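Small disclaimer: the values here were computed from a predicted structure and weren't measured.
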Amino acid sequence: MQIEECYRLMGADYDDVLSRMMTNQRVYKFNKKFSENSDYKNLIESLSQNDFETAFRMAHNLKGMCLNLGYKELFEVTSVLCEELREGNPKGDIKEMMDNVTVKYEKVLKGIGMMDDPL
């Protein structure tokens, strides 16, 4: 499937990311790197250990990657979680926030998995 179609399915902004990366080859390359990144896994692990400092860093990293790659939906839910973790003493429903992140994260990974290599 073409990258632009995958971006629509992911709820992401293809035009925005293409304007920064300039070619489909770069967009594809950085999407594949995202799918191999361990920040999401580390976020889950740190939350399971109530290590909110590490969880904040992982959420912040994930949020930044989402912004750079145009993953609008995942960026929005990750931003909420990141802000909740910022002070290190979350008061909100972290499980619900993380569930929202997981749904959008899996949607992005599915889209990346369907991308055809533009080479």
Answer yes or no: does atom [atom1] of [X] have more than 12 heavy-atom neighbours from other residues, nucleotides or ligands under 6.0 Å?
X: Gln2; atom1: CD; result: no
X: Glu53; atom1: CD; result: no
X: Lys72; atom1: NZ; result: no
X: Lys110; atom1: NZ; result: no

| query | Yes or no on side-chain contact (heavy atoms from CB on, under 4.5 Å) for Leu74 and Val101, after CA distance, side-chain angles and deciding distance? | reply | CA-CA 6 Å; Leu74 181 54; Val101 168; 4.2 Å; yes
| Using a distance-only test with no angle check, is there a side-chain donor-acceptor pair under 3.5 angstrom linking Tyr7 and Asp16? |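 No pair is found: no donor N or O on one side chain lies under 3.5 Å from an acceptor on the other.
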| Counting distance only, does the side-chain N/O of Thr78 pair as donor-acceptor with the main-chain N or O of Phe75 below 3.5 Å? | no
| said: Using modelled atom types and a 3.5 Å cut-off, is there a donor and acceptor pairing between side-chain atoms of Glu84 and backbone atoms of Gly92? | reply: yes
Taking the side chain as every heavy atom from C-beta outward, state whether [X] and [Y] have any atom pair closer than 4.5 Å.
X: Ile94; Y: Leu81; value: yes
X: Gln25; Y: Asp117; value: no
X: Leu85; Y: His60; value: no
X: Thr102; Y: Met98; value: yes
X: Val27; Y: Leu18; value: yes
X: Glu5; Y: Asp116; value: no
X: Met65; Y: Lys33; value: no

| field | Residue pair Glu4, Met115: steps toward the side-chain contact (heavy atoms from CB on, under 4.5 Å) verdict | value | CA-CA 9 Å; Glu4 188 172 2; Met115 284 182 190; over 6 Å; no
| Hphob cluster co-occupancy, Leu62 + Val80, side-chain heavy atoms under 4.5 angstrom | yes
| Within one Ile-Leu-Val-Met-Phe-Trp-Tyr cluster: Leu67 and Val17, side-chain cutoff 4.5 Å |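 Not linked; separate clusters.
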| request: Using the ring-ring contact (aromatic ring centres under 6.0 Å, His included) rule, collect all pairs that involve residues 79-119, keeping only residues at least two apart or in two chains. | output: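 Sorted result for residues 79-119: Phe34-Tyr105, Tyr40-Tyr105.
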What pair of heavy atoms forms the shortest contact from [X] to [Y], and how long is it?
X: Met10; Y: Tyr71; result: CE-CE2, 3.8 Å
X: Leu9; Y: Met1; result: CD1-SD, 3.6 Å
X: Gly88; Y: Phe52; result: O-CD1, 3.6 Å
X: Arg20; Y: Leu69; result: NH2-N, 4.0 Å
X: Leu43; Y: Ala55; result: CD1-O, 3.3 Å

Atom pair [atom1] ([X]) and [atom2] ([Y]), whose distance is rounded to the nearest 0.5 Å:
X: Met114; Y: Leu109; atom1: CE; atom2: CG; value: 12.5 Å
X: Ser35; Y: Phe30; atom1: OG; atom2: CZ; value: 13.0 Å
X: Met97; Y: Asn100; atom1: CE; atom2: CG; value: 9.0 Å
X: Lys63; Y: Glu76; atom1: NZ; atom2: CD; value: 12.5 Å
X: Asp13; Y: Cys66; atom1: CG; atom2: SG; value: 13.0 Å

| field | side-chain hydrogen bond (donor to acceptor under 3.5 Å, both in side chains) partners for Asn68, two or more places apart | value |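 With sequence neighbours excluded, Asn68 shows a side-chain hydrogen bond (donor to acceptor under 3.5 Å, both in side chains) to no residue whatsoever.
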| Step-by-step side-chain contact (heavy atoms from CB on, under 4.5 Å) determination, Ile3 to Cys6 | CA-CA 5 Å; Ile3 294 172; Cys6 294; 5.6 Å; no
| field | Nonpolar side-chain network containing Met22, other nodes, edges under 4.5 Å | value | none
| message | The test is side-chain contact (heavy atoms from CB on, under 4.5 Å); show your working for Ile44 and Lys41 and say whether it passes. | response | CA-CA 5 Å; Ile44 291 171; Lys41 180 183 147 219; 5.9 Å; no
